[in-house]
2 protein chains.
Amino acid sequence: MKKVQTSDSAKMRILKTASDLFYRQGYRSTGTNEIIKKAGVAKASFFYHFPTKEALALAYLQDLHSHEAENLLKFVNERQKPSDRFLAVIKWIEPWIKSNKLRGCGFLNMVSEVPDKKSPLRKMAKKHYAVLGGLIRQLTQELVNSDPKRYRHLDVSAIADRYVAIVVGAIALSETAQNTWPARQGVEVVNALIPIP
Amino acid sequence: MKKVQTSDSAKMRILKTASDLFYRQGYRSTGTNEIIKKAGVAKASFFYHFPTKEALALAYLQDLHSHEAENLLKFVNERQKPSDRFLAVIKWIEPWIKSNKLRGCGFLNMVSEVPDKKSPLRKMAKKHYAVLGGLIRQLTQELVNSDPKRYRHLDVSAIADRYVAIVVGAIALSETAQNTWPARQGVEVVNALIPIP
DNA sequence: GTCTATATTTGGATAGAC
DNA sequence: GTCTATCCAAATATAGAC
């Protein structure tokens, strides 16, 4: 049985174990019993730190959001040219889904698993993609500002919306097809959103 | 409690009830007990017709695939012009997700719910989108054939792949955002895949 | 093919001691 | 904060009669 660093606090061990299991196996397929065993904690310790399974799932999503935003931003900021920065988001997808072994997006998967539309878990997913949309909008605006003559006619908001949808399609179809081609085709589609340089 | 037509056979009542619940509530969130109650059958009758819950889910997906393929084909075949037929698939998405109350795609949702990559349920989802890709490829080829001079340079396979990914993005993001805008933006993105007429 | 009744495991969550 | 022991409901599935 795979276990987590015993040097961490019980709370951290629970969160790390659950994050791994929730992502790989899904939220509903992962029982609290399994998390408790693999984290090496007592049952009561689990519910001491997280009053419900849903509270733990919320912590998982918050953690996931922070880490993914950080990694993506780092990838974008390795580039200087506005057109490179603009394309960075969709170019990030292929290596990212590969490293995730084609298990897709933890937020999209959570939405599918949680039917209740008012669930805080769904709210987190919505927020995650709203933040991504904000980043893309900003990169699009930077691109337009870098060459106003060429890009003057572009609708920044519409392009950002389309871009997010393309990202989601690349991720979700990669999981269903168990192949990375949607991520690569996504790069071409995003490229077509702006005039040929 | 919502029940199904009692005039149907027990097997049909089970399948119809389960299809509704699996789609709206998700596969794992729906217990066999609930299906049994709402279908108005005995426990043993359930397992007589469907040896496992998974077998029922498989029947659900097969049914869903047939119905969705039929409806989409009808929508496409109401059009004659190759460019209209080509665009019909993405234009179908907005009314379709609305009628589904933004619960997304039963196949994508199933993939998220089932972690096992060898599951027959995942295979069905993969096949569903392979068939959709085939239809789109065919419509793209028709379009190219209708005006070879204009479309000669197009890569039919690449366009079809991109098109499917855009469809998936429109559906999945509509569910997460609980809004139809991704479907409308999808139309614009697909439009940009081919030269302006 | 359909029924009632039951088996068995796992689900999330708690009581009370240390 | 962490532990052992336990509760109860819900999960999937089966036995055996009609």
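Below, read A as the first sequence line, B as the second, and so on, with proteins coming before strands; counting in each chain starts at 1. These values consider heavy atoms only, across backbone and side chains, with no hydrogens, waters or symmetry-generated copies.
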Can you measure [X] atom [atom1] to [N] atom [atom2] for me and round it to whole angstrom units?
{"X": "B:K53", "N": "D:dA13", "atom1": "NZ", "atom2": "P", "result": "9 Å"}
{"X": "B:Q25", "N": "D:dA10", "atom1": "CD", "atom2": "P", "result": "14 Å"}
{"X": "A:Y48", "N": "C:dA15", "atom1": "OH", "atom2": "P", "result": "16 Å"}
{"X": "A:I14", "N": "D:dG1", "atom1": "CD1", "atom2": "P", "result": "12 Å"}
{"X": "A:L21", "N": "C:dG11", "atom1": "CG", "atom2": "P", "result": "12 Å"}
{"X": "B:F47", "N": "C:dT8", "atom1": "CZ", "atom2": "C1'", "result": "13 Å"}
{"X": "A:R28", "N": "C:dT10", "atom1": "CZ", "atom2": "C1'", "result": "13 Å"}
{"X": "A:M12", "N": "D:dT2", "atom1": "CE", "atom2": "P", "result": "13 Å"}

(request) Have a look at B:S29 and say if it touches a base, only the backbone sugar-phosphate, or nothing, with a 4.0 Å heavy-atom cut-off. (result)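 Contact class for B:S29: none.
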(request) Could you check whether B:K43 gets within reach of a base, just the sugar-phosphate, or nothing at all, counting any heavy atom under 4.0 Å? (result)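 Touches a base.
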(request) Among C:dC3, D:dG1, C:dG12, find the nucleotide with the atom closest to the side chain of A:H49. (result)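 Among the listed nucleotides, the one closest to the side chain of A:H49 is D:dG1.
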(request) Measure from the side chain of B:A42, starting at C-beta and using heavy atoms only, and say which of D:dC3, C:dA13, C:dC3 lies closest. (result)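 For B:A42, the side-chain atoms sit closest to C:dC3.
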(request) Using atom types as modelled and distance alone, determine if a side-chain donor or acceptor of B:N109 lies under 3.5 Å from a backbone N or O of B:Q25. (result)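 Absent.
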(request) Give a yes or no on whether the backbone of B:Q80 and the side-chain of B:R85 come within a donor-acceptor separation of less than 3.5 Å. (result)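 Absent.
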(request) Starting from the 5' end of DNA chain C, give me the residue, A:A44 or A:T32, whose nearest nucleotide shows up first. (result)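 Counting from the 5' end, the first nearest nucleotide belongs to A:T32.
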(message) Is the phosphate of D:dA10 approached by B:N33 (side-chain N or O, under 4.0 Å from OP1 or OP2)?
(response)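 False: B:N33 side-chain N/O out of range (4.0 Å or more) of D:dA10 OP1/OP2.
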(message) Please determine whether a side-chain nitrogen or oxygen atom of A:S45 lies at a distance below 4.0 Å from atom OP1 or OP2 of D:dC3.
(response)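 Yes, A:S45 has a side-chain N/O under 4.0 Å of OP1/OP2 on D:dC3.
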(message) Can you see whether B:Y27 has B:K53 sitting over its ring - NZ or CZ less than 6.0 Å from the centre and within 45° of the normal?
(response)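 Yes, B:K53 and B:Y27 form such a contact.
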(message) Do A:V41 and A:Y48 sit in one hydrophobic cluster, given that two such residues count as connected whenever their side-chain heavy atoms are within less than 4.5 Å of each other, even indirectly?
(response)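 Shared cluster, no.
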(request) Would you kindly say whether A:R13 and A:S9 are connected by a side-chain donor-acceptor distance under 3.5 Å? (result)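 A:S9 and A:R13 do not have a side-chain donor-acceptor pair below 3.5 Å.
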